Amino acid sequence: MAKARAKFVCQQCGEGFAKWAGKCENCGAWNSLVEQLLVAEGKSVVARSQGQKLATEKIKDVKIDSVADRISSGFDELDAVLGGGLMPGGVVLLAGQPGIGKSTLLMQVSAKVAAYEAVLYVSGEESASQVKLRAERLGAKDSEKLHLASSVSADDVATTILDGKYKLVIVDSMQTMQMAEVASAPGTVSQITNSANIIIRAAKATNTAVILVGHVTKEGSIAGPKVLEHIVDVVLEFQGDKYGGFKLVRAQKNRYGSTTDVAIFDMKDTGLELVKNPSEALLAERRDTDGSVILATLEGNRPLLVEIQALVNPTSFGYPNRTASGFDLNRLKLLIAVLERRTKLKLADKDIYINVVGGLRLDDPAADLAICMAIASATAERKLRRGAVAFGEVGLGGEVRSARMADKRIAEAKKLGFKYAIAPKTAKSAFVTAATDLRDALNQHLK
């Protein structure tokens with residue numbers, strides 16, 4: 001009779017330990033060790049290993065799946081993010097905050113694909129009737145080729161995929177899946193890793209496209225072992241504010257295409273809708289006041305015009321308050337220091353608030369110039385000259401540095417009727433009014 005022994009496995013990094021500890025010695029995570037039972041065998045794993053000779057073929061004889069063979073998700077921009085659509089045999093991991101719309105998006109994709117291919121939607125979190133209620137709201141209730149199932153068994157899901165009946169299988173979510181032979185709770189490292197492996201193996205064997213839904217931690221990273229992101233083909237991140245604003249789908253990893261494309265959605269009563277012209281939608285309610293500057297930014301490779309708002313008030317306490325919504329707070333503090341040192345603005349006794357309209361999160365270094373001009377505009381109570389957009393990175397010396405893809409930013413501004421761009425001198429265009437440094441930009445354009 002084999003003797004059972006216990007092992008404590010970290011749920012963050014997968015490292016195993018002989019005894020429990022409050023902190024993982026490998027990754028430093030607290031309270032992440034979970035006990036798992038192992039069965040001791042007479043021989044080692046290496047000694048029991050058996051294999052067969054691999055079947056090889058010349059590289060020139062290997063057939064490549066063309067883009068034409070891919071399955072369209074029904075959303076053009078989502079197809080672009082995927083690299084041309086869902087690849088047969090490809091496995092996609094979609095992760096995002098709870099309530100942001102992952103299940104809504106996947107139900108809409110299921111309905112669109114089920115118009116011409118057989119689709120299976122497996123829910124481990126809801127019953128089939130609950131999924132049907134969502135399908136009715138999204139107009140997918142009458143689909144003949146869309147099948148629903150409620151299960152938490154990864155073994156059953158893999159066996160169903162191996163049947164070869166479905167072209168697309170959606171598993172919602174991986175944190176609820178479990179294998180009967182793994183002695184641990186759902187959501188643990190061993191369950192997620194083994195469940196994902198057998199599902200992926202079945203998908204590759206039958207050339208079935210699979211979408212796995214993943215949870216995220218409170219820090220915003222994908223929950224579960226990092227190996228889950230390594231073994232899938234595409235990792236999509238669903239970003240945005242679940243209470244309003246635009247929702248963005250971008251690829252963190254893509255074996256079949258670029259990771260620079262982005263799909264922008266807006267949540268409506270009938271589900272998620274692609275935003276064809278997000279710049280126009282973001283600027284529709286803009287008021288031309290001091291502290292308001294239009295930034296020409298990029299979401300992936302997609303140009304976008306967004307309003308930056310700044311509010312500057314005298315501080316009521318000894319220490320001034322700095323608050324940023326949609327922009328990195330540490331970067332804001334750095335830019336305020338540059339403004340004080342390189343211009344004549346006195347901001348040490350001012351509360352400064354920055355807001356990026358539309359619920360967007362800016363990671364573009366070229367947002368620096370627009371942020372600085374918005375702060376200066378609000379401080380001096382002077383409006384920016386009409387018809388201007390701004391972009392450019394600001395250095396510690398106050399210099400305005402170059403921004404990538406300046407031509408795309410300029411083309412987007414022209415399309416929406418703006419008259420000129422305040423940009424680095426490296427953006428060589430008749431549309432650009434060059435700014436060499438912050439003081440030059442403020443003196444020229446704040447009336």
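Note that the structure is predicted; figures quoted are calculated from it, not measured. Reckoned from all heavy atoms, side chains included, excluding hydrogens, waters and symmetry mates.
Here the rule is side-chain contact (heavy atoms from CB on, under 4.5 Å) with Leu93, and of Ile231, Asp233, Leu212, Leu236 only Leu212 fits it. Of the residues Ile200, Ile199, Thr193, the one that meets the side-chain contact (heavy atoms from CB on, under 4.5 Å) test with Asn197 is Thr193.
At least one side-chain heavy atom of Phe265 sits less than 4.5 Å from a side-chain heavy atom of Leu274. Contact check for Val394 versus Leu339: no side-chain heavy atoms found under the 4.5 Å cut-off. Annotation: side chain of Leu78 is in contact with side chain of Val109 (closest heavy-atom distance under 4.5 Å). A 4.5 Å side-chain heavy-atom check between Asp437 and Arg342 finds every atom pair outside the cut-off. Looking at heavy atoms from C-beta onward, Leu304 lies in side-chain contact with Leu282 at the 4.5 angstrom threshold. Proximity of Tyr353 to Ser325: side-chain heavy atoms (C-beta onward) are nowhere separated by under 4.5 Å. Between Arg286 and Ile294 there is a side-chain heavy-atom pair separated by less than 4.5 Å. Taking 4.5 Å as the limit, every side-chain heavy atom of Val262 sits out of range of all side-chain heavy atoms of Val249.
Side chain of Ser292 to backbone of Thr289: no donor-acceptor contact under 3.5 angstrom is found. Listed for the Gln191 side chain is a donor-acceptor partner under 3.5 Å among the backbone atoms of Val182. Checked by atom type and distance alone, the side chain of Arg70 pairs as donor or acceptor with a backbone atom of Gly83 at under 3.5 Å. A donor-acceptor distance shorter than 3.5 angstrom exists from the side chain of Lys204 to the backbone of Gly89, with no hydrogens or angles considered. Side chain of Asp351 to backbone of Asn321: a donor-acceptor contact under 3.5 angstrom is found. Judged by distance alone, the side chain of Glu340 and the main-chain N or O of Ala337 form no donor-acceptor pair under 3.5 Å. Checking side-chain atoms of Lys102 against main-chain N and O of Gln97 turns up a donor-acceptor pair under 3.5 Å.
Nearest heavy-atom pair, Ser377 versus Gly291, reported as atom, atom and distance to 0.1 Å: OG-N, 2.8 Å. Nearest approach of Glu307 to Arg287, heavy atoms of both residues: OE2-O, 4.3 Å. Between Cys372 and Leu438, the shortest heavy-atom distance links the atoms CB-CD2, 3.6 Å. Residue Pro303 comes nearest to Ser279 through the heavy atom pair O-OG, 4.3 Å, listed as atom of the first residue, atom of the second, then distance. For the residue pair Leu416 and Glu280, the shortest heavy atom distance occurs at CD1-N, 4.1 Å. Residues Ile352 and Ile336 approach most closely at CD1-CD1, 3.5 Å, considering heavy atoms.
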Next on the checklist: side-chain contact (heavy atoms from CB on, under 4.5 Å) for Tyr166 and Thr206? Distances and angles first, verdict last.
Outcome noted: CA-CA 9 Å; Tyr166 302 101; Thr206 57; over 6 Å; no
Item to check | Test log, rule side-chain contact (heavy atoms from CB on, under 4.5 Å), inputs Ile308 and Phe327 | outcome: CA-CA 10 Å; Ile308 305 294; Phe327 191 72; over 6 Å; no
Checklist entry - Step by step, would you call Arg250 with Glu299 a side-chain contact (heavy atoms from CB on, under 4.5 Å)? => result CA-CA 9 Å; Arg250 63 171 79 247; Glu299 279 293 344; 2.4 Å; yes
Checklist entry - Where do Glu412 and Lys415 land on the salt bridge (Lys or Arg N to Asp or Glu O under 4.0 Å) test, with the steps shown first? => result CA-CA 5 Å; Glu412 183 73 6; Lys415 186 174 72 174; 3.3 Å; yes
Next on the checklist: For a side-chain contact (heavy atoms from CB on, under 4.5 Å) check, start with the C-alpha distance between Val34 and Val9, then their side-chain angles and the critical distance, and finish with the verdict.
Outcome noted: CA-CA 5 Å; Val34 174; Val9 180; 5.9 Å; no
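Atom CG of Leu106 is separated from atom CG of Leu272 by 10.0 Å, given to the nearest 0.5 angstrom. Residue Thr323 holds its OG1 atom at 7.0 Å from CG of Leu329, rounded to the nearest 0.5 Å. Separation of atoms CD (Glu126) and OG (Ser150) is listed at 8.5 Å; rounding is to 0.5 Å. Once rounded to the nearest 0.5 Å, the distance linking CD1 of Ile354 with CD1 of Ile371 reads 4.5 Å. Note: Ile170 CD1 to Leu168 CG = 4.5 Å, rounded to the nearest 0.5 Å. To the nearest 0.5 Å, atoms CE (Met177) and CD (Gln175) are separated by 10.0 Å.
Remark: Lys350 NZ is packed, more than 12 non-hydrogen atoms of other residues, nucleotides or ligands lying under 6.0 Å away. Counting non-hydrogen atoms of other residues, nucleotides and ligands closer than 6.0 Å to NZ of Lys428 gives a total of 12 or fewer. More than 12 non-hydrogen atoms from other residues, nucleotides or ligands lie less than 6.0 angstrom from CG of Leu334. Heavy-atom neighbours of Arg322 CZ from other residues, nucleotides or ligands within 6.0 Å: above the threshold of 12. Within 6.0 Å of the CZ atom in Arg255, the count of heavy atoms belonging to other residues, nucleotides or ligands exceeds 12.
Thr259 and Asn254 share no side-chain donor-acceptor pair at under 3.5 Å. Counting only N and O atoms by type, the side chains of Asp349 and Thr315 include no donor and acceptor under 3.5 Å apart.
Of the charged side-chain nitrogens involved, at least one lies within less than 4.0 Å of a carboxylate oxygen, so that Lys226 and Glu229 count as a salt-bridged pair. Between Arg404 and Asp364 there is no salt bridge, since no side-chain N of the basic residue sits under 4.0 Å from a carboxylate O of the acidic one.
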